[in-house]
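Notes follow once the structure below has been shown.
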Amino acid sequence: MENAKLNLLEEYLLIALDDDKGQFVTSSTHLHYGFAGAILLELAIRGKIAIEDDKVKLKDSTYEKEMALNKAIDYVKENKDCSVKTCIQHLAKKANELKQDTLQRLINKGILKKEEHKILWLIPNDKYPTTDLTPESKVRQRLDDVMLHGAKADAHDVMLLSLIDVSDLTKEAFRSKEDYKMVKKKIKEVTKDVQVSSVVNKSIREIQAAIMLAITTSIVVSTVVSN
């Protein structure tokens, strides 16, 4: 079994999955751009990338254990001076492929299982129900502590909350109706640069702000085009 510690990609997908049905609870547009953001933010937290003049710069090209991160490293390496928006859009287009690695890691850790389904006996529609709720429950409790009980957020928590907010997952992450109302008002405050300056370094704050702007813009454009 792989190391039980969860990265940002894994925590994001667990929040986005319905535990029993094994299906994602947000639209594919929100999910794919949110997952693309999770990849870049995880790379930023690990010191792999930085943002300079709205360009994604590779600072460390050594590979990690996760294939999704390595494919992103390869893309940034091959596309020097790629803008944040372009990078987000590329990773979002590849999200179906990239998230398979993360889902498999969660299966290997005994957290999810894979159920193979087809639509009209032809189109694959696999599901990933939760088999061990403990890791996700710990993530949810940690976010509850930050948002509802005044616990100090670290860089990882702030990044995850940013992704939850931009991906329209706040109601799923905070299921209590009363908690959701409170969190909805507070979550943008918690993820603002001025609020996280003491726990997130300047480089990661700049990356977070750039990625959130790129995701928001791309989601709006994709939604308008699809409609």
Q: Apply side chain to side chain donor-acceptor pair (under 3.5 Å) to Lys48 and Thr62, showing your working.
A: CA-CA 8 Å; Lys48 296 289 185 179; Thr62 56; 2.8 Å; yes
Do Arg105 and Lys65 pass the side-chain contact (heavy atoms from CB on, under 4.5 Å) test, and can you show the C-alpha distance, the side-chain angles, and the key distance before you say yes or no?
CA-CA 10 Å; Arg105 285 174 59 82; Lys65 294 180 179 179; 4.3 Å; yes
query: Are Cys87 and Leu40 close enough, and set up right, to give a side-chain contact (heavy atoms from CB on, under 4.5 Å), and what steps lead you there?
result: CA-CA 9 Å; Cys87 194; Leu40 289 186; 4.0 Å; yes
Start with the C-alpha distance between Met182 and Glu178, add both sets of side-chain angles, then the distance that settles side-chain contact (heavy atoms from CB on, under 4.5 Å), and finish with yes or no. CA-CA 7 Å; Met182 186 183 303; Glu178 291 305 313; over 6 Å; no
For this session: Under the side-chain contact (heavy atoms from CB on, under 4.5 Å) rule, what do Gln23 and Asn125 come out as? Steps first, then yes or no, please.
Result: CA-CA 9 Å; Gln23 296 175 300; Asn125 185 34; 4.3 Å; yes
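Of all heavy-atom pairs spanning Leu9 and Ala68, the tightest one is CD2-CB, 3.9 Å. Listed here is the closest heavy atom pair of Ile15 and Ala173: CG2-CB, 4.0 Å. The minimum heavy-atom distance linking Arg140 with Arg175 is given by the pair NH2-NH2, 3.0 Å.
Considering only residues two or more places apart in sequence or on other chains, Met67 meets the side-chain contact (heavy atoms from CB on, under 4.5 Å) condition with Asn70, Lys71, Asp101.
Ser167 contributes atom OG, which lies 6.5 Å from atom CD1 of Ile215 (distance to the nearest 0.5 angstrom). The CG atom of Asp18 sits 11.0 Å away from atom NZ of Lys127, with the distance rounded to the nearest 0.5 Å. Between atom CG of residue Leu14 and atom OG of residue Ser137 there is a gap of 10.0 Å, rounded to the nearest 0.5 Å. Interatomic distance, CD1 of Ile107 versus NZ of Lys109, reported as 12.5 Å (0.5 Å rounding). Taking SG from Cys82 and CG from Leu58, the interatomic distance works out to 11.5 Å, rounded to the nearest 0.5 Å. Rounded to the nearest 0.5 Å, atoms CD1 (Ile207) and CD1 (Ile49) are 5.0 Å apart.
Put simply, the residue from Lys113, Lys114, Lys99 that forms a salt bridge (charged side-chain N to carboxylate O under 4.0 Å, His left out) with Asp126 is Lys114.
Between the side chains of Asp19 and Tyr128, no donor-acceptor pair of N or O atoms lies under 3.5 Å. A side-chain donor-acceptor contact under 3.5 Å links Gln208 and Ser162. Between His156 and Glu42, the side chains place no donor N or O within less than 3.5 Å of an acceptor N or O (distance only, hydrogens not considered). Using a 3.5 Å distance cut-off with no hydrogens or angles, the side chains of Asn108 and Gln104 do pair a donor with an acceptor.
Proximity of Leu17 to Thr130: side-chain heavy atoms (C-beta onward) are nowhere separated by under 4.5 Å. Within the 4.5 Å cutoff, side-chain heavy atoms of Leu13 are placed close to those of Phe24. Within the 4.5 Å cutoff, no side-chain heavy atoms of Leu163 are placed close to those of Leu169. Using a 4.5 Å heavy-atom threshold, the side chains of Leu161 and Val146 count as touching. Lys138 places none of its side-chain heavy atoms less than 4.5 Å from the side chain of Glu136. Contact annotation: the side chain of Val56 never approaches that of Leu43 to less than 4.5 Å [non-hydrogen atoms, C-beta and beyond]. Looking at Val158 and Asp154, their side chains never come closer than 4.5 Å, going by heavy atoms from C-beta outward. Side-chain contact between Lys185 and Lys181 is absent, with no heavy atoms from C-beta onward closer than 4.5 Å.
Two different hydrophobic clusters hold Leu213 and Leu160 under the rule that ILVMFWY side chains link at heavy-atom gaps under 4.5 Å. If you chain together hydrophobic residues whose side chains sit under 4.5 Å apart, Tyr180 and Leu143 never meet in one group. Following chains of ILVMFWY side-chain contacts shorter than 4.5 Å, one cannot reach Leu103 starting from Leu133, and the two form parts of different hydrophobic clusters.
Of the charged side-chain nitrogens involved, none lies within less than 4.0 Å of a carboxylate oxygen, so that Lys21 and Glu115 do not count as a salt-bridged pair. Ion pair Asp81/Lys57 flagged as a salt bridge, since at least one NZ, NE, NH1 or NH2 atom sits closer than 4.0 Å to an Asp/Glu carboxylate oxygen. Salt bridge Arg46/Glu66: present, at least one basic N to carboxylate O contact under 4.0 Å. The existence of a salt bridge linking Glu52 and Lys59 is confirmed by a sub-4.0 Å separation between a basic side-chain nitrogen and an acidic carboxylate oxygen.
Residue Lys171 places its NZ atom among 12 or fewer non-hydrogen atoms of other residues, nucleotides or ligands, all under 6.0 Å distant.
Between the side chain of Thr29 and the main chain of Ile219, no donor-acceptor pair closer than 3.5 Å is present.
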Could you list the donor-acceptor pairs under 3.5 angstrom formed by side chains in residues 32-39, with sequence neighbours left out?
unit_1, atom_1, unit_2, atom_2, d
His32, NE2, Asn96, OD1, 3.4
Tyr33, OH, Ser222, OG, 3.4

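Every pair passing ring-ring contact (aromatic ring centres under 6.0 Å, His included) that includes a residue from residues 65-84 is listed here, sequence neighbours excluded: Tyr75-His90.
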